[in-house]
Amino acid sequence: MFGKLKGIKGDELTIKLDDKLNMHRLRKFADNKQPTIQIDIDDGRHISPDQRKKIFAMLRDMAMYTGYDIRDMEQWMKYYFYARTGAKPFSMSDCSVQTANKFLTFILDFCFENGIPFKTQTWDMIDVDYHLTLECIEHRKCIICGKHADLHHVDVLGNRSRKFTDHRKFRFLPLCRIHHQEAERTPALEFAQKYQIKGIQIPEDDLIKLHIMTKKQIKYWNERYEREV
């Protein structure tokens, strides 16, 4: 769906859609759950040298791992990107910032899903944002070094049992054993500033998929909150 931003009031946006909203279709895609909306702002900017550098660094790692030539790897991933997303053909020399971000995210997802490793210098180039952190959580990779990771609760649980805790209210970071131990003995703010990372709250569906919570536990907490209102 496309539209124009008509107004901003605090954290609320007013959007005028170009076409009439099909609620039936929206509910179908959202599986009758509360829809999640992503806002992409096209500000007319073109791909930056930094974005281009990160994309080619990842393509180079993929080419070395698979045995493809890097140019063949670029074309193969582009065609796959077009087929999966419906995106129009673009050039890495002058595409928009939004297209570059989407393509970078698509490559990142592909590497995680297919177990393609990154070199350390490539890993260091990738911005640590919500999407990367969630991918690292799902695939159990340390957000700092890329090694196998466990989940670290950024917020202190106290004496609460993990089994009887509403994890939707807590932030997580995927950390390897060494960085996990460092996080445990370092103040949270100091650790976050050192590595320029921050924990994220995991969406409900992912908490279930990652076996952090069960549907029964979520139902219990929802009913408890309703009783407390």
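Residues: numbered from 1 along the sequence shown. Any value given below was found using the heavy atoms of this structure, including those in side chains, with hydrogens, waters and symmetry copies removed.
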K.L.:
Tell me which pairs pass salt bridge (charged side-chain N to carboxylate O under 4.0 Å, His left out) where either residue lies in residues 78-90, with sequence neighbours left out.
P.N.:
Glu74-Lys78
K.L.:
Run the side chain to side chain contact (heavy atoms under 4.5 Å, CB included) check on Met77 and Phe103 step by step: do they pass?
P.N.:
CA-CA 9 Å; Met77 287 304 299; Phe103 188 48; 4.1 Å; yes
K.L.:
With hydrophobic residues grouped by side-chain heavy-atom distances under 4.5 Å, do Leu189 and Ile143 end up in a single group?
P.N.:
no
K.L.:
Would Tyr79 end up clustered with Phe110 when hydrophobic side chains under 4.5 Å apart are linked, directly or stepwise?
P.N.:
yes
K.L.:
Examine distances only and state if a side-chain atom of Arg60 and a backbone atom of Ile70 form a donor-acceptor pair shorter than 3.5 Å.
P.N.:
no
K.L.:
Asn222 and side chain to side chain donor-acceptor pair (under 3.5 Å): which single residue from Arg168, Glu204, Gln217 fits?
P.N.:
Arg168
K.L.:
Quick check: closest heavy atoms across Cys142 and Cys136, and the distance to 0.1 Å?
P.N.:
O-SG, 4.5 Å
K.L.:
First locate atom OH of Tyr195, then atom CG of Leu173, and finally report the distance between them rounded to the nearest 0.5 Å.
P.N.:
12.0 Å
K.L.:
Give the minimum heavy-atom separation between Ser93 and Arg52, together with the two atoms involved.
P.N.:
O-NH2, 3.2 Å
K.L.:
Kindly indicate, with the supporting measurements, whether the criterion ring pair (Phe, Tyr, Trp, His ring centres under 6.0 Å) is fulfilled by Phe106 and Tyr80.
P.N.:
CA-CA 10 Å; Phe106 184 82; Tyr80 192 46; 5.5 Å; yes
K.L.:
With rounding to the nearest 0.5 angstrom, report the CD1 to CZ distance, Ile212 to Phe170.
P.N.:
12.5 Å
K.L.:
For the atom pair CG (Asp11) and NZ (Lys9), what is the distance rounded to the nearest 0.5 Å?
P.N.:
11.0 Å
K.L.:
When you check the gap from the basic side-chain N to the acidic O, do Lys209 and Asp206 get nearer than 4.0 Å?
P.N.:
yes
K.L.:
A side-chain contact here means heavy atoms from C-beta on lying under 4.5 Å apart; do Leu132 and Leu108 qualify?
P.N.:
yes
K.L.:
So that I can tick it off, tell me whether Arg71 and Asp69 are bridged by a salt bridge, with the cut-off set at under 4.0 angstrom between side-chain N and carboxylate O.
P.N.:
no
K.L.:
Measuring from Met92:CE to Ile47:CD1, what's the distance to the nearest 0.5 Å?
P.N.:
4.5 Å
K.L.:
Report the distance from atom CG of Leu207 to atom OG1 of Thr214, rounding to the nearest 0.5 Å.
P.N.:
10.5 Å
K.L.:
Leu175 vs Phe191, test: side chain to side chain contact (heavy atoms under 4.5 Å, CB included). Steps then yes/no.
P.N.:
CA-CA 12 Å; Leu175 300 173; Phe191 185 80; 4.1 Å; yes
K.L.:
Using atom types as modelled and distance alone, determine if a side-chain donor or acceptor of Glu223 lies under 3.5 Å from a backbone N or O of Tyr220.
P.N.:
no
K.L.:
Is the number of heavy atoms from other residues, nucleotides or ligands within 6.0 Å of CZ (Phe90) greater than 12?
P.N.:
yes
K.L.:
What is the minimum heavy-atom distance between Met73 and Leu59, and which atoms define it?
P.N.:
CG-O, 3.8 Å
K.L.:
Show the numbers, then the answer: is there a side chain to side chain contact (heavy atoms under 4.5 Å, CB included) between Arg177 and His148?
P.N.:
CA-CA 8 Å; Arg177 181 170 297 182; His148 178 74; over 6 Å; no
K.L.:
Determine whether Met64 and Met58 fall in the same hydrophobic cluster, where Ile, Leu, Val, Met, Phe, Trp and Tyr are linked whenever their side-chain heavy atoms lie under 4.5 Å apart.
P.N.:
no
K.L.:
Side chain to side chain contact (heavy atoms under 4.5 Å, CB included) between Ile107 and Met62: does it pass, once the steps are laid out?
P.N.:
CA-CA 9 Å; Ile107 295 174; Met62 294 173 71; 3.5 Å; yes
K.L.:
Minimum heavy-atom separation for Tyr82 and Ala87, please, with both atom names.
P.N.:
CD2-O, 3.6 Å
K.L.:
List for me each residue that meets salt bridge (Lys or Arg N to Asp or Glu O under 4.0 Å) alongside Glu135, sequence neighbours excluded, and say none if there are none.
P.N.:
none
K.L.:
Ignoring hydrogens, what is the shortest heavy-atom contact between His180 and Leu151? Give both atom names and the distance.
P.N.:
CE1-O, 3.7 Å
K.L.:
Looking only at heavy atoms, which two atoms of Thr133 and Phe172 are closest? And how far apart?
P.N.:
CG2-O, 4.5 Å
K.L.:
Once rounded to the nearest 0.5 Å, what's the spacing between atom NE2 of His139 and atom CG of Leu210?
P.N.:
9.5 Å
